[in-house]
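Chain identifiers are assigned alphabetically (A, B, ...) following the order of the sequence lines, protein sequences preceding nucleic acid strands; residue numbering begins at 1 within each chain. Hydrogens, waters and symmetry mates are skipped; everything else that's a heavy atom, side chains included, is used. In this text the structure is predicted, and so the values were computed from the model without any measurement.
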2 protein chains.
Amino acid sequence: MTTQVLADTLRSRGISPTQQRLAVYSYLLAHRTHPTADTVYQALCRDYPTMSRTTVYNTMRALFRAGLLRIVTIDAEEQHFDADTADHGHFRCTQCGELFDFDLPADTMRQCAPSGFQTDLFDVYATGLCPHCQATH
Amino acid sequence: MTTQVLADTLRSRGISPTQQRLAVYSYLLAHRTHPTADTVYQALCRDYPTMSRTTVYNTMRALFRAGLLRIVTIDAEEQHFDADTADHGHFRCTQCGELFDFDLPADTMRQCAPSGFQTDLFDVYATGLCPHCQATH
DNA sequence: AATAAAATTGTAATCATTACAAAACACCAT
DNA sequence: ATGGTGTTTTGTAATGATTACAATTTTATT
């Protein structure tokens, strides 16, 4: 995805596409590993020496408000960010700590969402052992 | 539920039923409002003047490990505790901040859980506007 | 009662996140 | 270009939930 397209995406959501915001957003799009704010910060420090943690957080909030990312709170300690806003669940392995995506059956959201409530966000979290950690057990 | 029954429940899970633990657990059973650690602490302070926040946290961890409660992380700021371990979803209203329970369609968990993973915990979170806050909008 | 083990408590530390104000930057009209 | 205005970024300091820890108290056991 070109920078131009990214910039247009941000603009279309009312976010002016600054260098820092583009850097954060494109990092998220390129790394589907559910990074934390600090992980993103550490990675971008190298290329953008003036990048600050606060900017990472500010950008995350802006992207979140614009519906461009999902904040994963399956880990109580720290938030993880995910630029994939399509329907999917998150699995956390209690052994290795890794976060995995998993598919949700079609229409899960519609079936599960409580009636009478206006549901804006929908998250499915599972916790346990990933295949690898089951094996080394 | 009598104190005796509660004590037996704890004992059967390998948790010795101290005064403090019984107080915390019975508070959770009586108040299905998904309280935070501080809410529980503030409430129990009156009757148990020596109760400490650390004890509340310790007890929550013990109950959680024993499978007697669920830790709700839908609110990134602080954890909420729920003694109802039966299958149900949690809804958070972004306006009033309240947490609501909602029913999940039967077998949701089985249908949604990713294959190949050993799923120990399963949480469904929805966020948006509760019926009341939709009305006052 | 004496001893050992476990639980509780208060305080201090940790650490992710946010508040804030100063500096840097972008945009626009003149 | 220039100056002015509003936005963005940045570093530091504050916040606040949670945990670490060591001393004290309680509980269980002999």
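- Judged by distance alone, the side chains of A/Thr39 and A/Thr36 do bring a donor and an acceptor atom under 3.5 Å apart.
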Filtered N/O pairs between nucleotides 21-29 of chain C and protein, under 3.5 Å:
none

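- Residues of residues 53-69 of chain B that place a heavy atom closer than 4.0 Å to DNA chain D, in numerical order, are B/Thr54, B/Tyr57.
- In the hydrophobic clustering of this structure, B/Met109 does not group with A/Leu129; members are Ile, Leu, Val, Met, Phe, Trp, Tyr whose side-chain heavy atoms approach within less than 4.5 Å, directly or through other members.
- For D/dT26, the OP1/OP2 oxygens have no side-chain nitrogen or oxygen of B/Gln19 closer than 4.0 Å.
- Rounded to whole angstrom, the span from the CG atom of A/Asp38 across to the P atom of C/dT17 amounts to 9 Å.
- Checked against a 6.0 Å centroid threshold, the rings of A/Phe102 and B/Phe117 do not count as neighbours.
- For the OP1/OP2 pair of D/dT8 and a distance below 4.0 Å, the side-chain nitrogens and oxygens of A/Ser16 include at least one atom meeting the criterion.
- Here B/Thr18 reaches the OP1 or OP2 of C/dT8: one of its side-chain N or O atoms lies under 4.0 Å away.
- Taken together through direct or relayed side-chain contacts under 4.5 Å among Ile, Leu, Val, Met, Phe, Trp and Tyr, B/Val124 and A/Leu121 form parts of separate hydrophobic clusters.
- Centroid-to-centroid, the aromatic rings of A/Tyr125 and B/Tyr125 come within less than 6.0 Å.
- Taking atom CZ of B/Phe81 as the reference point, atom P of D/dA17 lies 12 Å away to the nearest angstrom.
- Following rounding to the nearest Å, B/Asp75 (CG) and C/dA16 (C1') show an atom-to-atom distance of 14 Å.
- Using bins of under 30°, 30° to 60° and over 60° for the plane-to-plane angle, the ring pair B/His31/B/Tyr27 lands in the parallel bin.
- Residues B/Thr55 and B/Arg21 have side chains not in contact (no heavy-atom distance under 4.5 Å, counting atoms from C-beta outward).
- Distance alone, capped at 3.5 Å, places no donor-acceptor pair between the B/Arg11 side chain and the B/Ser16 backbone.
- Atom CD in B/Glu78 sits about 14 Å away from atom C1' in C/dA16, given to the nearest Å.
- Surrounding CD of A/Gln42 are more than 12 heavy atoms belonging to other residues, nucleotides or ligands, all under 6.0 Å away.
- Atom-to-atom, CD1 of B/Ile71 to C1' of D/dT18 comes out at 11 Å; the value is rounded to the nearest Å.
- Residues B/Tyr41 and B/Met51 meet the side-chain proximity criterion, which asks for heavy atoms closer than 4.5 Å.
- Following rounding to the nearest Å, A/Tyr48 (OH) and D/dT10 (P) show an atom-to-atom distance of 11 Å.
- Straight-line distance from the CG atom of A/Leu10 to the P atom of D/dT8: 12 Å, rounded to whole Å.
- The side chain of A/Ser52 lies closest to D/dT10, out of C/dT17, D/dT10, C/dA6.
- Residue contacts for A/Thr36: at a heavy-atom cut-off of 4.0 Å it reaches no nucleic acid atom on any strand shown.
- Taking atom NE2 on B/His80 and atom C1' on D/dT18, their separation rounds to 14 Å, with Å as the unit.
- Nearest-nucleotide positions on DNA chain C place B/Met51 closer to the 5' end than the other of B/Met51 and B/Glu77.
- For B/Gln20, a side-chain nitrogen or oxygen approaches OP1 or OP2 of C/dT9 to under 4.0 Å.
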